[in-house]
Structure formats: structure tokens, C-alpha cells
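The structure appears right after this line, and notes come after that.
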Amino acid sequence: MCPFMADIRTSLVDSLHAALAAAGVEAPDGFRMGLERPARREHGDWSSNAALATAKAAGRNPRELAAELAVWLGDNKPDDVAEVSVAGPGFVNFKLAPSCLHRVVADAVAAGVDRFGRQNLGQGRKVIVEFVSANPTGPVHAGHGRGAAYGDAVARLLQRCGYEVQREFYINDRGTQMGLYAASLAAARAGEQAPENGYNGQYIADWAAEMPQGADARHWGRQRALADQREVLGSMAVAFDTWSSEQALVDSGAIDDTLAALGEAGAAYEADGALWLRSSDYGDDKDRVLVKSDGEYTYLLPDIAYHRDKLGRAGAAGLLITVWGADHHGYVARMKAAMAALGCDPTALEVAVTQLVRLERDGEEVRLSKRTGDIIELREVIDEVGADAARFTYLLQSMDTAPTFDLAKAAAQVMENPVFYVQMAHARLCSIAARARAEGVARQSAGEVDLGVLSHERELEIMRRLSALDEVIAAAAEERAPHRVTAWLRDFAAAVHSFYHDCYVVGPRIAPELTQARLVLTDAARVGLAVGLGTLGVSAPESM
RNA sequence: GCCCACGUAGCUCAGGGGAUAGAGCACUUGCCUCCGGAGCAAGGGGUCGCAGGUUCGAAUCCUGCCGUGGGCGCCA
């Protein structure tokens, strides 16, 4: 990250508190000093609402109080502050010295892609991020793609913020669907009709043809589906550290243990021949069945055992993040209820619900249906648009919105395509460096270059945006919102294209010291783009 | 009926207590004697779904209503 930018923040907040004290103003209860980057340039680099938020309780006029704070802050200037002013209804605005921005550039180059933007908010806290978890009854489809892109990006963001992250895939390898899948494979192998409610997709026919004579359809089919899923996810650069099996939980007795634990907690009871979870005591709408009257487990019970198992592995201070599609949102309350019944810390389990994607090709909807056989597989999406475009497009918007993913648009190699636009910015920066080499420019080491000559508005804009990257990454990680990085990348890429257009780096009319400084700026911007793209799992190509 | 999310420019979406609400596409108009014009710049375009409330301040928080998507099984 740019470590001193965080220090500057801290010192500004401290100074504001001191200024308030000097003005004889006591902060009201619950007051938190607001310090933010103003939307408008003329309002400086940082802005505080200190006067606005405290004036009423202190019986003061906000604008006058702000003026008083500004005078005091002007006399006791925090480090790196060039100017303190008052604006609007009573904001106190700070303008930083230009040297701050030059330090950002030097930092980015020194830290490089591996370390720039890295921070330690997590302090090694263990997190298990579970995502995709498609049934092992067929290929992953386009809808799983969003969960895959999202879960992996969240994992990457948390890693960059100092969490110890494990990516996990839960395999529902027992139960009704698994049985139907095995029966469908066996039927297809024997040239017979699929059973009622069975699977009919083309892949069933294809896989059945591969299945060796006499193979156990259940076991062989599970392996076949998993291999396919792993391969497709791998082609999108999504890899899991652990694959957790539901059947293994049954075999190990973990489910019976969980049942016993729920019983001991008084959270389970028998009725109508079934065993119920008293989930309504823990915030759910109604009680839920754990064991059906025919003795079979419901889907819920193994899932509770699974989350209990994960919690044990994550440890007392650990965190579980489970990514579910919107079609599972109804299960959040019962899972949290079960965890509460087991005495777990309710904040230890976070369920991230992603809204469903609408898939189109050239404006026409393509339906995602796993059961009809008319499935759009994730493999097809990747084949059509590429892994980078697929990931970036899936992460373009907040997970709370149900976006439209147009395959044709995502695949287009045009600047209107945000993936291409951002990657192109990186490629252009690389081409500048290549050009400098081709022209025989002897590069000074970054430490020797005078960055003070970087004062063009285009250059300043790049530096300002670059200085915000660590905050963007921190916010994206804490809010589990990778699309914040996507938004930053689009803005930053725009700044790079503007710079590219207006500020030549190498050429007969460019002074040598400016060439040197701009080459360093180019390197820094490249690091910023690569770091941002990296947290999304998207590559930063040197040429397009 | 109940639960969750969403409703911001013509379209796709950022912003999610702060100052004059932003970007891309589309539209209008400029810019190629130098690093990729696959670009850059300027302009027009808004009752932030509607109505109340909280607040010094609401697109943002709360309540109700309307609309859209998803969910509401002893299916998974």
C-alpha cells in the first residue's frame, strides 16, 4: 500500500481532535471524526465534517467553528499538509503537498505487484471461503461462474489484506439428486430411458458412453463430474484448497455427532415421525426437518454438520464465508439458527448471497436450466469470451444486482468492453516502456529520478487515484465487494488513457528528465493496474 | 400472503449520511507532423420509483405503498 497515506489520515484525524479541543468543543457521544476524499477537486485532498458534526451540541455556528479550526490547523499544520481551508456549510478541507503524490509513485515502484496495496487488516485471521459447491451431477453452468469469480476474488482480496484464506468446495455427493444422476448414467449406458426426474442433458449421453462396463455409476459419475468441474474452473484460474465431501461426513459420524449436539442443546424434537430443528427459537420463520419420517436426512442436516466441521477447522477466531446464489437465500436463516443452537458465535458465519445472472447473446436471452438439458455451461462462456473477460464481466456489478451478461459484448475486442479497456491501458503502458528501450533511453534507477517534474494534470490524476488503491482494496475486502475494485480499475484506466494521449513519454520534444520521471510514473501505474486486476483474478497482459 | 435483493441519464450501471449526484454506451461537436485514433476532449440529457419521517444535512437511514427478480417442500 502506500503506508504513509494511512499515516497522513491518522495524523489529520489527530490534528482535528486537537483543534476541536483547542476551540473548547467537546465531541458529542458517538461522534466519529469524518474524514473523506471529497468528490470535487477544488475541495482539496481530504475533507472533514468535524465542525458540522459538533457545532450543534456545542451551541456554535458550524461555519464559524470550521473557520476557527482551520486557523488553528493552519498554525499547527500536520505533516504533508499544504493548505487548510473552509468551504460550504462548514467543511474543513486539506490540500496535501505535491510531494505526497510523488511518494506514492516511488512506493508503488518499490513495492511492485506483489506488495503494493498489501495490508494487514486480517492479522492472519483464518477464513474459509466456500463457493461454487455445484452438485457432482453434471458440468458447472454459467450461473456458477459468477459465484466462482466472486468467491475467488473475495479470497484474493482477503489474502491481500492479511487474512489466511482457504478456498473450499462442498460436494453434495449423496442424496436424491446423486441417486437420480447415477441412475440416469446407468440407463443411458444401457440404452434405456432416463428415470423420472432424471438427468437428460447431452453430457449424460457423452459420459455414459465413456463409462466402462461394470463401473459403479454413482462413484464413476461423481469422479467424472468433479473432474469436469475442476477442469473448467481451473481454466478460469479458480482453484480450491479443499474439496469437502458430504458422504465423508456421513462416514465419519460427523452427522450423528451433530444430531447429538443439537439434541443436547435442546434444539431438536420429534413430531409426525420426523426429527425437527427448533430453528424458530433462533430467528427462523419456522422449524425445519432434520430427519425425514422415512429415516433419510434432509439436505439441511448434512449442511449443518458441514458448517460445524468447517467452524472447527477455522478455529475459535476463524471466519466462515459461504457464497450462495439468490435461489438459496431462504436457507440463510435456518443455517444461522442451527449455528446459534450449537452455541456458535453468530458473526463467525457470513453468508454472501449473489443475485442471479441473466445471460444473453446479442441481446437475446439464453436460459440457464440444468434440468432441461438446455444448459449453458460455464465452459461455453469461457470458450466464447475468454477467462479474463468472463471473470471481469461477472464482477462488473455489485452482487446485490441481477445483471445481464451479454456474451457477444463481453467477447468483443473493443474499448467499449470494460475488460478490454482496462487491459489495454496496461498494454499501452508496457508499450511505452518497450518504446523507450527501442529508442535506447538509458533508464535511471527510480531513486535517482526527480519526480518533482510530474505536475501535469494528467499525471496528478493518475497519482491521486493510485494513492486511493489501498483504501479501495481494504473496502472491497471488508465489504466482500470486489466490484469496488472493478469500478476503480475503470476509472484508473481512463486516467491512464488520458495521460497516454496528452503526455508523451519518449520523443524528440520531451526533456530527458521528464522522460525519466514519466517512465517511473508509467511503471507505478502499471503496478496499480496489475494489482487491481490481480485481486479480481484477471491477467494484466503486456500486449493485446 | 410472507421473506430477501433491487428500482439513479434514452440504455447498462457506480455512489449507499455531506458541498454543484457520476462513468460507459447512444447523440452533437472538435482533435491524427511524436509512445497503439482499438484513443482523447467538450456539450446536451436527471422530480435518484412514489409518499411520509429522522437529521444541521437524505439518492443514501426508518415506515408505508407501487414495480421487477428470486425464494417460501419431510426436494437438493
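So you know, we letter chains A, B, ... as the sequences are listed, proteins then strands, and number each from 1.
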At less than 3.5 Å, do the side-chain atoms of [X] and the base atoms of [N] form a donor-acceptor pair?
| X | N | answer |
| --- | --- | --- |
| A/His329 | B/G70 | yes |
| A/Asp327 | B/G70 | no |
| A/Ser293 | B/C74 | yes |
| A/Ser47 | B/A19 | yes |

Handout entry: Along RNA chain B (nearest heavy atom to each residue), the more 5'-positioned of A/Arg288 and A/Gly175
Key =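 This one resolves to A/Arg288.
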Practice task
Could you check A/Glu36 against A/Phe499 and say which one's nearest nucleotide on RNA chain B is further toward the 5' end?
Solution key: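 It is A/Glu36 whose nearest nucleotide is closer to the 5' end.
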I want to verify a distance call: between [options], whose nearest atom is closest to the [X] side chain?
| X | options | answer |
| --- | --- | --- |
| A/Val289 | B/G18, B/C40, B/C74 | B/C74 |
| A/Lys56 | B/C56, B/C13, B/C35 | B/C56 |
| A/Asp502 | B/G37, B/C40, B/G24 | B/C40 |
| A/Ala274 | B/C34, B/C74, B/U20 | B/C74 |

Exercise for the section: Return one dot-bracket line describing RNA chain B 5' to 3' (Watson-Crick or G-U wobble pairs, both distances under 3.5 Å; ( ) same strand, [ ] crossing, | another strand, . none). Expected result: (((((((..((((....[...)))).(((((.......))))).....(((((..]....))))))))))))....
Exercise for the section: Answer yes if the ring centres of A/Tyr394 and A/Tyr150 are under 6.0 angstrom apart, and no otherwise. Expected result: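 Ring centres of A/Tyr150 and A/Tyr394 not closer than 6.0 Å.
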Check: residues 499-509 of chain A side-chain donor-acceptor pairs under 3.5 Å, at least two apart:
unit_1, atom_1, unit_2, atom_2, d
A/Asp502, OD2, A/Arg458, NE, 2.8
A/Asp502, OD2, A/Arg458, NH2, 3.1

Handout entry: Nearest-Å distance for atom pair CD/P, residues A/Gln177 and B/G73
Key =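 It is 17 Å, rounded to the nearest whole Å.
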Practice task
Give a yes or no on whether the backbone of A/Pro418 and the side-chain of A/Arg490 come within a donor-acceptor separation of less than 3.5 Å.
Solution key: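 No, the answer is negative, given that no donor and acceptor are paired below the 3.5 Å cut-off.
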Practice task
Kindly say whether A/Gly138 contributes a backbone atom to a donor-acceptor pair with the side chain of A/Gln229 at under 3.5 angstrom?
Solution key: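 Answer holds: yes.
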Problem - B/C34 OP1/OP2 closer than 4.0 Å to side-chain N/O of A/Tyr500 - result: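 Checking B/C34 against A/Tyr500, no side-chain N or O comes under 4.0 Å of OP1 or OP2.
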Practice task
May I ask you to evaluate whether A/Arg37 reaches the phosphate of B/G18, defined as a side-chain N or O under 4.0 Å from OP1 or OP2?
Solution key: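 No, because none of the side-chain N or O atoms of A/Arg37 sits under 4.0 Å from OP1 or OP2 of B/G18.
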Handout entry: Nearest-Å distance once atom P is located in both B/U54 and B/C72
Key =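 Per the computed distance, 39 Å lies between those P atoms.
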Practice task
Report which part of the nucleic acid A/Asn93 touches: base, sugar-phosphate, or nothing (heavy-atom distance under 4.0 Å, all strands).
Solution key: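 Counting heavy atoms under 4.0 Å across all strands, the contact made by A/Asn93 includes a base.
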Handout entry: Syn/anti state of B/C32 by chi, 90° boundary around 0
Key =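 That one's syn.
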Handout entry: Contact list for RNA chain B against residues 60-70 of chain A - heavy-atom distance below 4.0 Å
Key =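 Correct list: empty, so none.
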